Structure formats: C-alpha cells, structure tokens
Amino acid sequence: AKAMGLLDNPKLLELAEQNLRIFGRMGQNERLMDDEGKPREIFTKLKYFLEKNPDIKLVILDPASDYMCREAEKDSAAAKDWTNLVSQLTLTQGRPTVLVAHHTRKENLGTNIFKASEKDKIPDLNADSIRGSGGLVYSFRWAMLLSRREYDDGTEKVFIKVVKTNY
C-alpha cells in the first residue's frame, strides 16, 4: 500500500479496502488437498467464504505450490485432482475467476542479462516451460507465461503470451 501510494491517497485506500480481501497465513499449511486427494479444511473454508461473498470475482492462489498437494508437481493424476478441486471454486455462487500463479522451469542461460541488440528477439514461450507435471498445464482451461528480460544497456522488457487454451 505504501509503495503504490495508497496511504497518501484516501480515495484509493478506500477502494482497496472495499475490494481486496487478503488472507496472509504465513507459516501455516495452505494445501487445499491432502495427499490422498481429499479436500482439506482450508479448502472447505475458502469455498464457504466464496459462497457467502458472491461479490468476490477474482481469487489468486500465489504461489501455486503453497496450495497443491505434495505430489501435484510430479504426478499427473494428483495434478488433475488438484486442478479439478481448484476449479470447483469457480462454480460457487459468484462464479469467480481463479488465477493460479506458478513458476517456470529454470533457464540454463548462465546469465540473466541479455544483449541490447536482442531487444526485438521474442523469447520462445511455450507450455513446456511451466514447471511440474503436464497435468498442471493441461488440466486448466488456459495458461499464460510472463518473461522479464534485462538488457546490458540497463533497460528491460516484459513478454506475455497465452501458451495454452482449450476454448
């Protein structure tokens, strides 16, 4: 709030207070599904909260690994079960969109600084770059990648691409 200037702008602060519900539970187990594929109590509470607050139109699970069962990144069946569970949240009364923020595979580039002469070069962004089991990617309706590049002249660019959709 401070970095975004909300504290200096009462009108923006009021809008944020009216429209954001942030649940920081640092240090607590956030896994929505247990290792047997059953919903945990935290999932049931989240779903109940969404049912009681249909004005909520966006849920962001960030980072995804905090909310997955232990095997979801390695086991396609566990990933499919987890994505199905998460998708149930979109069926609550308010029909919120659920965004799941996940990491990409580490690039073995040796450096994160690119040559300024390569600024027009678009990185190869594809669904295979998403970390973990293919079940994570292919069970959701769509997937998008963000890639930030820093250049040796001190500039940077952000690339965004929808890498999977099944509409």
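Given the structure is predicted, the values throughout are model-derived calculations rather than measurements.
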List the atom of Tyr67, the atom of Trp82, and the distance in Å for their closest heavy-atom pair. O-NE1, 2.8 Å

For Glu51, give me all partners under salt bridge (charged side-chain N to carboxylate O under 4.0 Å, His left out), at least two apart in sequence or on another chain. none

So the salt bridge (Lys or Arg N to Asp or Glu O under 4.0 Å) pairs with at least one residue in residues 73-92 (sequence neighbours excluded) are Glu71-Lys74, Glu73-Arg131

In chain order, what residues pass the salt bridge (charged side-chain N to carboxylate O under 4.0 Å, His left out) check against Lys38, with sequence neighbours excluded? none

Of all heavy-atom pairs linking Arg148 and Val158, the shortest is CG-CG2, 4.2 Å

What's the separation between atom NZ in Lys164 and atom CG in Asn166, rounded to the nearest 0.5 Å? 4.0 Å

Begin from the C-alpha positions of Lys119 and Asp153 and carry the test side-chain contact (heavy atoms from CB on, under 4.5 Å) through to its verdict. CA-CA 10 Å; Lys119 280 186 189 178; Asp153 65 356; 2.7 Å; yes

Contacts of type side-chain contact (heavy atoms from CB on, under 4.5 Å), residue Arg31, not counting sequence neighbours: Asn29, Arg40, Arg70

Shortest non-hydrogen contact from Lys57 to Gly94? NZ-O, 2.9 Å

Taking every heavy atom of Leu136 against every heavy atom of Ala72, the minimum-distance pair comes out as CG-O, 3.9 Å

From Ile42 CD1 over to Asp34 CG, what is the distance, rounded to the nearest 0.5 angstrom? 14.0 Å

Return the set of residues passing side-chain contact (heavy atoms from CB on, under 4.5 Å) with Leu99 (not counting sequence neighbours), or none when no residue passes. Leu58, Ile60, Thr97, Trp142

Scanning both residues in full, the closest heavy-atom pair of Asp128 with Tyr138 reads OD1-OH, 3.9 Å

For Arg141, all residues meeting salt bridge (charged side-chain N to carboxylate O under 4.0 Å, His left out), sequence neighbours excluded: none

With a 6.0 Å cut-off (strictly less than), is the heavy-atom count around CD of Gln18, excluding the residue itself, greater than 12? yes

Other residues, nucleotides and ligands only: do more than 12 of their heavy atoms fall within 6.0 Å of CD1 on Ile122? no

Name the atoms and distances for all side-chain donor-acceptor pairs under 3.5 Å in residues 85-92, with sequence neighbours left out.
| residue | atom | partner | partner atom | Å |
| --- | --- | --- | --- | --- |
| Ser87 | OG | Thr83 | O | 2.8 |
| Thr90 | OG1 | Ser87 | O | 2.6 |
| Thr92 | OG1 | Leu89 | O | 2.9 |

For Lys115, give me all partners under side-chain contact (heavy atoms from CB on, under 4.5 Å), at least two apart in sequence or on another chain. Ser117, Glu118, Asp152

Ring pair (Phe, Tyr, Trp, His ring centres under 6.0 Å) with Phe49: which residues, sequence neighbours excluded? Phe23

Which residue pairs satisfy the salt bridge (Lys or Arg N to Asp or Glu O under 4.0 Å) criterion with at least one member in residues 84-100, sequence neighbours excluded? none

For the atom pair CG (Asn126) and CG (Leu145), what is the distance rounded to the nearest 0.5 Å? 7.5 Å

Can you establish whether the number of heavy atoms outside Tyr48 located under 6.0 Å from its atom OH is more than 12? no

Rounded distance (nearest 0.5 Å) linking atom CG of Leu146 with atom NZ of Lys161: 13.0 Å

Identify, with sequence neighbours excluded, every residue that meets salt bridge (charged side-chain N to carboxylate O under 4.0 Å, His left out) alongside Lys157. Asp120

Interatomic distance, Glu14 atom CD to Leu12 atom CG [nearest 0.5 angstrom]: 10.0 Å

State which residues pass side-chain contact (heavy atoms from CB on, under 4.5 Å) with Asp8; sequence neighbours excluded, sorted by chain then number. none

Any side-chain to backbone donor/acceptor pair from Asn53 onto Asp55? Under 3.5 Å, distance only. no

Non-hydrogen atoms of Glu156 and Tyr151 that approach each other most closely: CA-CD1, 4.0 Å

